[in-house]
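A short worksheet on the structure shown next.
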There are 2 protein chains.
Amino acid sequence: MNIVEFAKILNLSIGTVSRALNDRAEVSPKTRQMVLEKAEELGFVRNTNARRLVIGRNYMIRIECPTSTHILSDRYLVELARGVEEVAGAHGYDLLLHLGTHRSDAVDVQEVDGLVIVAGSETTADDIRRLTQKGRTPAVVIAWATPLDFPAASYVCLDTLPGVREALECLASLGHRRIGYIGSGQPGQRLRDAFPRLMAEAGLTWDPALAREAGTTPDDGCRAALELLALSEPPTALFARTDVLASGAVQAVSQLGKTVPGDVSVIGHDNIEAAALVNPPLTTVAINIPDVAVLAVKALLAMITEKADPITLTVGTHLIVRRSCGPASS
Amino acid sequence: MNIVEFAKILNLSIGTVSRALNDRAEVSPKTRQMVLEKAEELGFVRNTNARRLVIGRNYMIRIECPTSTHILSDRYLVELARGVEEVAGAHGYDLLLHLGTHRSDAVDVQEVDGLVIVAGSETTADDIRRLTQKGRTPAVVIAWATPLDFPAASYVCLDTLPGVREALECLASLGHRRIGYIGSGQPGQRLRDAFPRLMAEAGLTWDPALAREAGTTPDDGCRAALELLALSEPPTALFARTDVLASGAVQAVSQLGKTVPGDVSVIGHDNIEAAALVNPPLTTVAINIPDVAVLAVKALLAMITEKADPITLTVGTHLIVRRSCGPASS
DNA sequence: AATAATTTCATGAATATTGTCGAATTTGCC
DNA sequence: GGCAAATTCGACAATATTCATGAAATTATT
C-alpha cells in the first residue's frame with residue numbers, strides 16, 4: 001500500500017496524510033491522530049526510498065572498519081557499533097556496516113549522509129580522502145593518538161597515555177620503584193617514547209635496562225618477564241603493552257615459584273575479555289568505548305545537520321583496578 | 001549531477017545512459033563503453049534512492065541482534081557480520097545493522113529485502129513474527145538447537161552436541177573413565193539432558209554424582225570443580241559448559257596443588273578469546289561461524305531472489321584441541 | 001543484380017515509481 | 001465579508017523501462 005491508496009481509504013488528500021505522518025504543524029491534531037492510528041491499524045509504512053529521494057537525505061551513516069590490524073578488537077567494534085547506533089538511531093539514522101578493507105572501491109557513497117571510519121594501523125590520509133569522496137561526505141575518524149593528515153574529517157583520537165600515567169601512579173603509591181616495561185614492538189612506539197616522561201611524572205626513575213620489546217603472544221610476554229626478573233636488581237612490577245603479554249608475564253612469575261601480586265605486580269593494557277578471567281584478574285588500562293562512540297556520532301551529526309566544521313577530540317584511557325597489583329615486596 | 005545532466009553532456013538520451021549503466025543488451029558496445037568511461041571520469045553515480053524506488057528492491061539486508069543474552073558473544077557477532085557481509089556483498093547487498101533488543105518497535109521494514117535474526121535466549125516466535133511483518137519479509141534465524149515455532153522463516157540451528165561428542169570421545173581415548181560435568185544452569189539444559197547419552201556413545205558410563213550446576217563466573221566454576229575433586233572417587237577429567245567455568249576449574253586444580261593436564265584434564269565450551277590465553281590453553285568446543293554466516297545468507301538470498309521456501313539447516317560444533325587434556329592419571 | 005520488403009538494432013520520448021512541499025483553495029468562525 | 005486555520009492541488013525529486021521511431025542490415029522477389 002502506498003500513500004495514495006492510504007489517503008483514499010482515509011478520505012484525505014495525499015498532502016494531508018504526508019504532513020500528519022511528518023508531524024508538521026499545519027494539520028489538525030484530530031486528523032493527525034486519526035492518520036497515525038489508521039496507519040498503525042492498516043500497517044501502512046511510507047516507502048523509505050521515495051521519502052529519501054524527495055527529501056534528499058538518506059538518514060544513514062556507514063561505519064567503516066578494516067579487517068586487519070584493528071585499533072579496536074572485535075569486541076570493541078561491537079561496543080562501538082552499539083554506541084553509534086544508539087545515538088545515531090535516536091536521531092533517526094540507520095547504521096550501515098562496512099567491514100573489510102578500506103581499500104575496496106565499490107563503496108557507493110551517495111547512499112549515506114556520513115561516515116564513521118575506524119582507522120586501522122595501516123589506514124592513510126589517502127584512504128580517508130577516497131572514502132569521503134575528497135571530503136564531500138562528512139566523516140569522523142577514530143584514530144590513534146593523533147589525527148591523520150586530512151583536515152576535512154573530524155577525529156576522535158584515542159590517547160593511551162592518561163591510563164598509563166594512572167597505572168604508574170598506582171604502582172608508585174604502592175611503593176614500587178623499579179618498574180619493568182614489556183612492549184609489543186612497532187605499534188606501541190608512541191607509548192614507548194613517552195614512558196620515561198610518564199615515569200618521571202609519577203615520581204619514578206626510568207631505567208632503560210628494564211625495558212624489553214616482546215611480540216604479540218603470551219609466550220613472548222613470558223620470555224620477556226623471565227628476562228627482567230632474572231636481573232640482579234629485578235623490577236617489582238611489570239607493565240605490559242597488551243593484556244596478552246601481561247598474561248604471559250603472570251605465567252612467568254608463577255614459573256619462578258612466586259605469586260602475583262604478592263611478589264610481583266603486573267599491569268596490562270587493552271582490557272580484553274580475557275583480562276578479567278586470568279588468575280589473578282588483571283589490572284589493566286582501558287578506554288571507554290561508549291564515550292568514543294557518543295563523541296564521534298555527535299561530531300558527525302553536527303557536520304551533517306549543521307554543516308559544522310570538523311573538530312578533533314581526544315579520549316583518554318583509564319586504569320581498571322583488579323587484583324594483579326599489590327604493595328611492593330621489599 | 002543527475003542522469004539528466006549527465007546524458008546531456010554525453011549527447012544521449014536518458015534511456016540510453018540508463019541502459020548502458022545497467023548493462024543491458026539493447027545498447028551498442030561502443031556506446032556502453034563510452035558511457036562507463038565518462039561516468040568514471042566525471043564522477044557520476046546514480047542516485048541510489050531513485051534507483052531503488054523504481055526497481056522496488058532495496059539491495060539491503062538487516063542483521064538483527066539482541067543486546068542481552070547472546071547466543072553468540074560479541075566476538076562471534078563480528079565474525080558473523082563479516083561473513084554475512086562478504087557473501088551478501090558479493091550479490092550487491094548492503095548490510096544494515098540493528099543491535100539492541102528485538103522488542104524495539106521502530107524498525108522500518110520496507111527498507112530491507114531480508115533479515116538475518118540472531119535469536120537470543122529470550123527471543124520468541126512472536127518476536128520473529130513481528131520482525132518479519134508476519135512473514136512478509138524473508139528472514140533467516142540463527143537459533144540454538146531447534147527452530148522456533150514460526151515456519152515462515154528459515155533457520156540455521158547451532159547444535160552443540162557433535163563437538164561435545166568429540167570431546168568425550170577424545171577423553172575416552174585418553175583413558176578417562178570418570179568425567180565430571182560442570183553446567184551453567186538454565187541455558188545449558190539441552191546439553192545437560194543429552195550428556196548421559198553422549199557419554200554412552202563414547203563408551204563411558206554416566207555417574208550423576210559427577211554433575212554440578214554452577215553459575216557463570218570463574219569462581220562458580222572453581223567451586224564446582226573443588227567439590228567434584230573432593231569426592232572419594234574424583235573424576236579425572238572435567239567438562240565445563242563454558243570456557244569461563246573451565247578457567248575457574250583450572251584454577252581449582254592448581255589450588256589443590258595439582259596440574260592441568262597432568263592430574264586432571266579440562267575441556268571448555270565456546271572458544272572465547274580467553275580460552276587460548278589461559279594457562280594451559282584450553283581445549284574447547286567451538287562452532288564455525290563463517291560457515292553459519294554463509295549458510296544463512298545463501299538461504300536468505302534464495303528466499304529473496306527465487307522465492308525459495310524456508311529451510312532449516314543445522315551446523316554442529318567441533319572440538320579444538322589445545323593443551324588442557326592429557327592421559328588419565330591412574 | 002537491383003529494388004522492395006522485412007527484420008534487427010540503437011535510440012529517444014514518455015510514463016511509472018512514491019512521497020514532500022509550496023501555493024492555492026476551501027472551510028469555519030466571528 | 002473578512003480572517004485564519006485546515007486542506008487540497010500540482011509540481012518535483014531521479015531513475016528504469018515500455019513503446020515508438022528511424023536507420024541500417026538482411027532477406028525476398030523479379
Side-chain angles (χ1 to χ4, degrees), chain A residues 1-40 42-60 92 94 108-113 133 136-137 305, chain B residues 1-39 42-60 92 94 108-113 133 136 305:
Chain A
M1 178 162 53
N2 59 28
I3 202 172
V4 179
E5 297 176 48
F6 182 59
K8 199 161 289 174
I9 296 177
L10 267 58
N11 266 319
L12 285 174
S13 79
I14 304 169
T16 305
V17 173
S18 173
R19 264 179 279 267
L21 259 18
N22 281 315
D23 234 26
R24 299 183 69 92
E26 312 93 322
V27 68
S28 76
K30 316 119 207 170
T31 310
R32 186 206 322 287
Q33 172 96 11
M34 192 266 272
V35 171
L36 260 35
E37 276 171 12
K38 277 285 180 183
E40 176 77 19
L42 301 174
F44 167 68
V45 208
R46 287 168 295 182
N47 182 303
T48 312
N49 292 124
R51 189 141 202 280
R52 290 177 177 168
L53 169 61
V54 172
I55 60 187
R57 289 266 293 281
N58 301 90
Y59 284 102
M60 191 120 74
D94 278 336
D108 225 354
V109 182
Q110 295 284 94
E111 63 176 322
V112 296
D113 301 313
Q133 309 265 285
R136 256 174 284 154
T137 309
T305 59
Chain B
M1 178 163 51
N2 60 28
I3 202 175
V4 180
E5 297 176 48
F6 182 58
K8 200 161 288 173
I9 297 176
L10 267 58
N11 266 321
L12 284 175
S13 77
I14 304 168
T16 305
V17 172
S18 172
R19 270 180 289 257
L21 259 17
N22 281 312
D23 232 25
R24 299 183 70 93
E26 313 94 320
V27 67
S28 74
K30 316 120 208 171
T31 311
R32 188 206 321 288
Q33 171 96 14
M34 192 267 272
V35 171
L36 260 35
E37 276 171 11
K38 277 286 181 183
L42 302 174
F44 168 68
V45 207
R46 287 169 296 179
N47 181 303
T48 311
N49 292 124
R51 191 140 200 279
R52 289 177 177 170
L53 169 61
V54 172
I55 60 187
R57 288 269 292 282
N58 300 92
Y59 284 102
M60 192 117 76
D94 278 335
D108 228 354
V109 181
Q110 296 282 95
E111 62 176 321
V112 296
D113 301 313
Q133 309 264 287
R136 257 173 283 154
T305 59

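First the proteins, then the strands, lettered A, B, ... as listed; each starts at 1.
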Check your understanding: A:Gln33: what forms a side chain to side chain contact (heavy atoms under 4.5 Å, CB included) with it, not counting sequence neighbours?
Key -> A:Glu37

Revision key, fill the gap. Across all chains, not counting sequence neighbours, the side-chain hydrogen bond (donor to acceptor under 3.5 Å, both in side chains) partners of B:Thr305 are none

Review point. For B:Ala25, which contact category applies under a 4.0 Å heavy-atom criterion: base, sugar-phosphate, or nothing?
Key: sugar-phosphate

Study note, to complete from the structure: In the 5' to 3' direction, the nucleotides of DNA chain C bounding the stretch that comes under 4.0 Å of a heavy atom in chain B are C:dA10 to C:dT18

Point to revise | Pairwise side-chain contact, B:Val35 with B:Leu10, heavy-atom cut-off 4.5 Å (strictly under) | key: yes

Exercise for review: Apply side-chain hydrogen bond (donor to acceptor under 3.5 Å, both in side chains) to B:Asn58 and list each qualifying residue two or more places apart in sequence or on a separate chain.
Suggested key: A:Asn49

Review point. To the nearest 0.5 Å, how far apart are CG in B:Leu53 and OG1 in B:Thr48?
Key: 12.0 Å

Atom pairs, protein N/O to nucleotides 14-18 of chain D N/O, distance under 3.5 Å:
unit_1 : atom_1 : unit_2  : atom_2 : d
D:dA14 : OP2    : B:Asn2  : ND2    : 3.3
D:dT15 : OP1    : B:Asn47 : N      : 2.5
D:dT15 : OP2    : B:Ile3  : N      : 2.4
D:dA16 : OP1    : B:Asn22 : ND2    : 3.3
D:dA16 : OP1    : B:Arg46 : NH1    : 3.1
D:dA16 : OP1    : B:Arg51 : NE     : 2.5
D:dA16 : OP2    : B:Ser18 : OG     : 2.8
D:dT17 : OP2    : B:Arg24 : NH1    : 3.2
D:dT18 : O4     : B:Arg19 : NH1    : 3.3

Review point. Side-chain N or O of A:Ser28 less than 4.0 angstrom from OP1 or OP2 on D:dT7?
Key: yes

Exercise for review: Apply side chain to side chain contact (heavy atoms under 4.5 Å, CB included) to the pair A:Asn22 and A:Arg51, showing each step before the final yes or no.
Suggested key: CA-CA 11 Å; A:Asn22 281 315; A:Arg51 189 141 202 280; 2.7 Å; yes

Extract all donor-acceptor atom pairs below 3.5 Å that involve side chains of residues 23-31 of chain B and protein atoms in other chains or at least two apart in sequence.
unit_1  : atom_1 : unit_2  : atom_2 : d
B:Ser28 : OG     : B:Thr31 : N      : 3.3
B:Ser28 : OG     : B:Thr31 : OG1    : 2.5

Point to revise | Residues which pass side-chain hydrogen bond (donor to acceptor under 3.5 Å, both in side chains) with B:Arg57, listed by chain and number, not counting sequence neighbours | key: B:Tyr93

Check your understanding: Which atoms form the tightest heavy-atom contact between A:Ala20 and A:Leu36, and what is the distance?
Key -> O-CD1, 4.1 Å

Check your understanding: In whole angstroms, how far is the P atom of D:dT7 from the NZ atom of A:Lys8?
Key -> 19 Å

Check your understanding: What distance separates A:Arg46 CZ from A:Asn2 CG, expressed to the nearest 0.5 Å?
Key -> 13.5 Å

Practice item. Go through the structure and list residues passing salt bridge (Lys or Arg N to Asp or Glu O under 4.0 Å) with B:Arg52, not counting sequence neighbours. Key: A:Glu111, B:Asp94

Study note, to complete from the structure: Taking five pairs at each terminus, the helix from C:dA1-D:dT30 to C:dC30-D:dG1 shows an axis bend, to 10°, of 50°

Exercise for review: List for me each residue that meets side chain to side chain contact (heavy atoms under 4.5 Å, CB included) alongside A:Met1, sequence neighbours excluded, and say none if there are none.
Suggested key: A:Glu5, A:Phe6, A:Ile9, A:Leu42, A:Phe44

Review point. Hey, can you pull the residues of residues 29-38 of chain B with a non-hydrogen atom under 4.0 angstrom from DNA chain C?
Key: B:Thr31

Revision key, fill the gap. Those residues at least two apart in sequence (or on a different chain) that pass salt bridge (Lys or Arg N to Asp or Glu O under 4.0 Å) with A:Lys8 are none

